[in-house]
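When a ligand or atom number is given, it counts from 1 through the structure's own listing order.
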Amino acid sequence: MQTFKVDVGHAIYPILIGPGLLGHRELFNSTLRAADVLIVTNTTVARLYLEKLQATLSGRRVADCMLPDGEQYKTLQTLGRVFDALVDAKLNRDATVLALGGGVVGDIAGFAAACYQRGVAYVQIPTTLLAQVDSSVGGKTGVNHPGGKNLIGAFYQPRAVIADTDTLATLPDRELHAGLAEVIKYGCIWDPLLFDWLELNIEKLTGRDDEALAYAIERSCAIKAAVVAEDERESNLRAILNFGHTFGHAIEAATRYDTYLHGEAVGLGMLIATNLSHRLGLIDGGTQERVRDLLARAGLPTEPPRIGTARALALMQMDKKVLAGTVRLVLLEKLGRAVVTGRYAQSALDATLNEYFA
Ligand code: NAD
Ligand code: GLY
């Protein structure tokens, strides 16, 4: 088992990564002090892993809350179901919420924990690659609004992240590829050596080589922990983790959250952000090609949907990085270094949006 620490000052917690952790009773006993827990999961993950987790937790008072599966259900309405379950089980402030699932379950359950009785503890138990490399770490929680992605939420750190890498065995290929988009993101914005490693090993990852997957998860968590430790609330540095997201979120919202997986939309967004970085003269054409090739080899789509330039711009205006009406974008200065800026030629952005969305 590998352990990383996330330290945001007011909260310090471990990320535990390894095979077999869902059945590791001592690990749960030492991590989880609460006698009362609510497992929040969805219909797909419950069929695969709920019983196993319940068995590991036997001896406690365990309730569960079953959510419908899908990004389109990451809504205020679904959040209400978690509150109902917490109230129905008569849980108090000393209870702990366990988020068993991918990023959708993790974001909803975390937000419910942030709000219920003004805050109860929660633990992330991520079961998708995307959640293990990104969403379970760092305390961003929330739900979507029809007008934009993740518009309602809170920064609220979990007590621990327990990532059982065995759960990836049941993950469909398309979901695995979506998770790889976020791993490629870390290479682009932070770690050029990771990017080089990914170029050499991407087929091992798509082929589910255990050792390669473990390395990708561990390296991603180490990077995310470092960024979040420096800037928990996205005052500055953390915004680089949004590379590709401003465009990707527009794609997700324009397609009603039911056409592209989040990781796929982020991959498309990274392609567009890389194109703009090249157009602005920040990176050369070779770098743009390397990013595009790696995304394609990871099994990700590389043709954004033609949602229309005006629609894309309107959705981008709702991005949480907008300041004083200016859409701030994450651009690449070179492989491994990103900048967050509102200072770019609007004509260059228009040209890039026209190339992909018109
Ligand atoms: P997801 O939660 O929808 O899970 C993907 C699919 O895989 C679902 O159908 C799920 O039921 C299924 N699944 C989960 N685990 C499985 C397993 N082990 N075997 C088989 N199927 C399994 O999607 P995701 O990609 O995990 O997460 C995307 C969400 O995460 C988005 O809503 C995004 O906004 C959010 N996100 C949040 C952060 C953050 O910092 N909080 C960061 C990145 C993404
Ligand atoms: N995934 C973006 C962040 O956690 O900040």
Side-chain angles (χ1 to χ4, degrees), residues 6 8 22 40-50 52-53 66-75 78 99-111 114 124-144 148-151 153-158 161 163-183 185-186 189 220-221 223-225 227-228 230-246 248-249 252-253 257-258 260-267 269 320-321 330 340:
V6 184
V8 294
L22 270 187
V40 180
T41 187
N42 72 24
T43 45
T44 307
V45 179
R47 268 196 302 277
L48 296 163
Y49 301 113
L50 182 57
K52 180 159 203 170
L53 182 58
M66 200 69 64
L67 303 180
D69 185 4
E71 181 76 36
Q72 66 274 35
Y73 298 108
K74 191 176 157 184
T75 59
T78 306
L100 175 69
V104 170
V105 164
D107 282 12
I108 297 173
F111 189 32
Q124 291 278 14
I125 308 177
T127 61
T128 63
L129 181 61
L130 187 138
Q132 294 187 356
V133 300
D134 190 352
S135 65
S136 63
V137 176
K140 276 190 181 175
T141 70
V143 295
N144 300 328
K149 175 91 175 153
N150 294 335
L151 291 187
F155 288 100
Y156 191 62
Q157 300 295 334
V161 178
D164 183 340
T165 50
D166 281 346
T167 59
L168 301 181
T170 53
L171 197 64
D173 281 342
R174 189 177 166 201
E175 298 290 350
L176 188 84
H177 300 165
L180 289 175
E182 302 281 11
V183 183
K185 175 186 81 177
Y186 294 120
I189 61 166
S220 299
C221 284
I223 295 170
K224 181 137 190 197
V227 172
V228 168
E230 194 147 322
D231 177 25
E232 181 197 11
R233 293 195 162 234
E234 203 170 289
S235 315
N236 42 63
L237 179 70
R238 186 168 179 166
I240 65 171
L241 296 175
N242 261 283
F243 178 54
H245 286 54
T246 306
H249 286 171
E252 284 184 277
Y257 306 107
D258 66 3
Y260 291 90
L261 302 180
H262 174 70
E264 293 175 336
V266 166
K320 292 185 289 308
K321 289 183 300 305
V330 186
V340 186

Which value, rounded to the nearest 0.5 Å, describes the distance between Glu230 atom CD and Asn236 atom CG?
7.5 Å
Do Thr43 and Asp69 have side-chain atoms, one donor and one acceptor, less than 3.5 Å apart?
no
Who pairs with Glu264 by salt bridge (Lys or Arg N to Asp or Glu O under 4.0 Å), at least two apart in sequence or on another chain?
Arg174
Are any of the side-chain heavy atoms of Asn150 and Asn144 separated by less than 4.5 Å?
yes
Going by the rule salt bridge (Lys or Arg N to Asp or Glu O under 4.0 Å), which residues pair with Glu175 if we only count those two or more places apart in sequence or in a different chain?
none
If you scan protein heavy atoms around atom 5 (C) of ligand 1, the nearest is Glu175 OE1, 3.2 Å
Nearest atoms (heavy-atom pairs only) where Gly102 meets Thr127:
N-OG1, 3.7 Å
For ligand 1, which part of Lys224 has a heavy atom less than 4.0 Å away: the side chain, the backbone, both, or neither?
side chain
Given that the side chain starts at C-beta and the backbone is N, CA, C, O, which of these parts of Leu171 lies under 4.0 Å from ligand 1, counting heavy atoms, or is it both or neither?
both
Tyr49 versus Thr170, side-chain donor and acceptor atoms under 3.5 Å
yes
One pair per line, please: each N/O atom of ligand 2 matched with every protein N/O atom under 3.5 Å away, atom names first, then the distance to 0.1 Å.
residue: ligand 2; atom: 1 (N); partner: Asp134; partner atom: OD1; Å: 3.3
residue: ligand 2; atom: 4 (O); partner: Lys224; partner atom: NZ; Å: 2.6
residue: ligand 2; atom: 4 (O); partner: Arg238; partner atom: NH2; Å: 2.8
residue: ligand 2; atom: 5 (O); partner: Lys140; partner atom: NZ; Å: 2.8
residue: ligand 2; atom: 5 (O); partner: Arg238; partner atom: NE; Å: 2.7
residue: ligand 2; atom: 5 (O); partner: Arg238; partner atom: NH2; Å: 3.4

Starting from atom 24 (P) of ligand 1, which protein heavy atom do you reach first, and at what distance in Å?
Gly103 N, 3.5 Å
Does Glu71, backbone or side chain, put an N or O under 3.5 Å from an N or O of ligand 1?
yes
CD (Glu234) and CG (Leu241) are apart, to the nearest 0.5 Å, by 7.5 Å
Atom 20 (C) of ligand 1: which protein heavy atom is closest, and how many Å away?
Thr170 O, 3.1 Å
Record the part of Thr44 in heavy-atom contact with ligand 1 below 4.0 Å; permitted values are side chain, backbone, both and neither.
side chain
Please indicate whether any nitrogen or oxygen in Asp69 is less than 3.5 Å from any nitrogen or oxygen in ligand 1.
yes
Considering heavy atoms of the protein only, find what lies nearest to atom 1 (P) of ligand 1 and give residue, atom and distance to 0.1 Å.
Val104 CG2, 3.9 Å
Do Glu182 and Lys224 meet the salt-bridge criterion of a basic N to acidic O distance under 4.0 Å?
no
Hey, is Asn150 touching ligand 1 through its side chain, its backbone, both or neither, going by heavy atoms under 4.0 Å?
side chain
Taking atom CD1 of Ile189 and atom CG of Leu237, what is their separation to the nearest 0.5 Å?
8.0 Å
of all protein heavy atoms, closest to atom 25 (O) of ligand 1 is Leu130 CB, 3.6 Å
Evaluate Leu48 for polar contact with ligand 1, using N/O atom pairs at a separation under 3.5 Å.
no
Just to be sure I read this right, does ligand 1 sit under 4.0 Å from the backbone of Thr141, its side chain, both, or neither, counting only heavy atoms?
neither
Tell me which part of Asn144 gets within contact of ligand 1: side chain, backbone, both or neither, using heavy atoms under 4.0 Å.
neither
Which protein heavy atom lies closest to atom 39 (C) of ligand 1, and at what distance to 0.1 Å?
Ser135 CA, 3.5 Å
Quick note, salt bridge (charged side-chain N to carboxylate O under 4.0 Å, His left out) partners involving residues 99-109, not counting sequence neighbours, are Lys74-Asp107
Measure the distance from atom 34 (O) of ligand 1 to every protein heavy atom, then report the residue, atom name and distance (to 0.1 Å) of the closest one.
Lys149 NZ, 2.9 Å
Who's the nearest protein heavy-atom neighbour of atom 4 (O) of ligand 1, and how far?
Thr128 CG2, 3.6 Å
